[in-house]
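Below is one structure, written out as structure tokens; the observations come after it.
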Amino acid sequence: VRSHGCLRLLGTHLKDLLYTKHCVLFDCDGVIWNGEKAVVGAPEVVSLLKKRGKSVFFVTNNCTRPRDGYLQKFSRLGFSDVVQSDILSSAYCSAVYLRDVAKVQGKVYVIGGDGVYTELHEAGVPAVGREPEIPGATIYDCPLDSDVKAVLVGYDDKLNFLKLAKACCYLRDPDCLFLATDRDPWHPLPRGRVSPGSGSLAAALETAAGRRATVVGKPGRFMFDCIAGRFGVDPARTVMVGDRLETDILFGRTCGVDTVLTLTGVSTLEQAQGYRDSPASEEAACVPDYVVDTVADFLPALDE
Ligand code: PLP
Ligand code: CA
């Protein structure tokens, strides 16, 4: 049983922590905003961190928008000094992975939306998958493209049976690469509703294809490698702030950075303490080093 973790970050302790860190990674939904509402104080925290000379990056598993769409969202929600290179999304990183790591020679069949298609296009990776279907078509009516060398599955609110079936056919070829943007299971919506996440779609396709996807997003370390490779970030001088234990906190731990759970999103203090008090080692990896109620708690520590 771990006796440490879940430390409440307050006052000088928070100031000392920020003093030792050069780089702050923020998850987006549940941390700096909830849907279309900024978390109170979050824009000021980001501005002040930057003014104090810190590197700030946003690491989101949300693949629905291209980075340019996030830039507009940051500005709409009152974040005034964010630039595109601060933003790492699972859509953008999937495109980077396909181009630079897998070096895919051919087309990618996509289950996903605008965010994924735009990022693939900007990375110069050819994508197919949103051509209109003949009404009433079955899998027998759909030509398969012999140039497809990879399948990428992410959040797709236009998912249908035929798309799953086609992806499944492409994945019969063991040389066809199988990638998922992220494994997020679901997301909270206003008024107590929830939305199934990319992970639920990836799981359906994995079951049908009898294969496991390579996952680009958190908690995998690829998004951190994208930042570290480009900006020379030192994990020892970095802190990750997130709201979901199984993605953000595990991500931070996997990348060797200190972690802060903020309680404005999905996971609760009780869940974090439950993980801390559990004997299972995979649960220990989801225990945050620190806990705050909200990122606004950083404000007093950023006073001159
Ligand atoms: N994916 C989708 C489709 C979402 O709607 C959300 C949150 O709203 C996320 C992922 C999670 O994003 P983040 O990693 O910023 O919490
Ligand atoms: Ca989140």
Side-chain angles (χ1 to χ4, degrees), residues 18 20-28 31-32 46 49-50 52-71 74 79 81-106 108 110 112 115-127 149-150 152-154 177-184 198 213-242 244 247-260 285 289:
L18 288 178
T20 63
K21 303 297 177 188
H22 279 181
C23 176
V24 183
L25 310 178
F26 286 106
D27 168 61
C28 292
V31 174
I32 56 163
V46 170
L49 284 168
K50 287 193 164 212
R52 303 282 176 268
K54 312 288 182 192
S55 300
V56 176
F57 295 98
F58 303 94
V59 187
T60 177
N61 270 0
N62 192 332
C63 65
T64 59
R65 293 170 210 258
R67 281 163 308 153
D68 185 47
Y70 282 112
L71 214 47
F74 274 105
F79 296 83
D81 41 14
V82 174
V83 295
Q84 185 153 311
S85 55
D86 299 341
I87 307 167
L88 287 288
S89 74
S90 57
Y92 168 66
C93 292
S94 293
V96 171
Y97 185 93
L98 285 162
R99 186 192 60 199
D100 298 347
V101 180
K103 297 186 168 64
V104 67
Q105 301 291 316
V108 180
V110 174
V116 176
Y117 280 99
T118 304
E119 292 294 358
L120 288 173
H121 179 75
E122 285 181 7
V125 178
K149 303 296 179 206
L152 171 61
V153 56
L177 195 77
F178 185 11
L179 225 61
T181 55
D182 62 272
R183 279 197 199 283
D184 282 11
S198 308
T214 298
V215 180
V216 171
K218 298 170 289 182
R221 60 170 298 131
F222 185 67
M223 293 171 96
F224 183 74
D225 293 340
C226 286
I227 302 172
R230 221 166 301 163
F231 301 97
V233 164
D234 174 5
R237 309 206 73 174
T238 301
V239 61
M240 168 73 197
V241 188
R244 201 168 206 152
T247 48
D248 305 317
I249 302 306
L250 182 55
F251 168 75
R253 179 59 62 89
T254 303
C255 301
V257 313
D258 283 353
T259 54
V260 180
D289 297 300

**Item:** T60 and N62 side chains, donor-acceptor separation under 3.5 Å
**Value:**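 No, T60 and N62 have no side-chain donor paired with an acceptor closer than 3.5 Å.
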**Any side-chain donor near an acceptor of the partner, D289 and T259, under 3.5 Å** =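 Distance-only check passes for D289 and T259.
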Minimum heavy-atom separation for [X] and [Y], please, with both atom names.
X	Y	value
L18	K54	O-NZ, 2.8 Å
V83	L71	C-CD1, 3.7 Å
Y117	G112	CE1-O, 3.7 Å
T181	S198	OG1-OG, 3.5 Å
I32	F79	O-CZ, 3.6 Å
R221	T254	NH1-O, 3.4 Å

Acceptor/donor pairs from residues 92-99 side chains to any protein atom, 3.5 angstrom cut, sequence neighbours excluded:
| unit_1 | atom_1 | unit_2 | atom_2 | d |
| --- | --- | --- | --- | --- |
| Y92 | OH | R230 | NH1 | 2.9 |
| Y92 | OH | R230 | NH2 | 3.2 |
| S94 | OG | S90 | O | 2.6 |

Atom pair [atom1] ([X]) and [atom2] ([Y]), whose distance is rounded to the nearest 0.5 Å:
X	Y	atom1	atom2	answer
N61	F251	CG	CZ	9.0 Å
D225	F222	CG	CZ	7.0 Å
D27	T247	CG	OG1	6.5 Å
D86	F74	CG	CZ	8.0 Å
L250	M240	CG	CE	11.0 Å
T238	I227	OG1	CD1	8.5 Å

**Prompt:** T214 versus L177: any side-chain heavy-atom pair under 4.5 Å?
**Reply:**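 No, their side chains stay 4.5 Å or more apart.
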**Message:** Give me each pair satisfying salt bridge (charged side-chain N to carboxylate O under 4.0 Å, His left out) with a member in residues 57-67, each pair once, sequence neighbours excluded.
**Reply:**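 Non-adjacent pairs meeting salt bridge (charged side-chain N to carboxylate O under 4.0 Å, His left out): E36-R65, R67-E119, R67-E122.
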**Salt-bridge contact K21-D258 (side-chain N to carboxylate O under 4.0 Å)** =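 Judged by the 4.0 Å cut-off on N to carboxylate O distance, K21 and D258 do form a salt bridge.
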**Message:** Under 4.0 Å between a side-chain nitrogen and a carboxylate oxygen: does that hold for K218 and D248?
**Reply:**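 Yes, charged N to carboxylate O under 4.0 Å.
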**Asked** When you look at V233 and F224, which way does the side-chain contact (heavy atoms from CB on, under 4.5 Å) test go after all the steps?
**Response** CA-CA 9 Å; V233 164; F224 183 74; 4.1 Å; yes
**Request:** Please work out which of the three classes, parallel, tilted or perpendicular, describes the rings of F231 and F57, given edges at 30° and 60°.
**Result:**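 Aromatic pair F57/F231 classed tilted.
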**Message:** Can you classify the ring geometry of F26 versus F58 as parallel (below 30°), tilted (30 to 60°) or perpendicular (above 60°)?
**Reply:**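 Answer is parallel, since the angle falls under 30°.
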**Request:** Let me see the working for L152 and L120 under side-chain contact (heavy atoms from CB on, under 4.5 Å), right down to the final yes or no.
**Result:** CA-CA 10 Å; L152 171 61; L120 288 173; 4.2 Å; yes
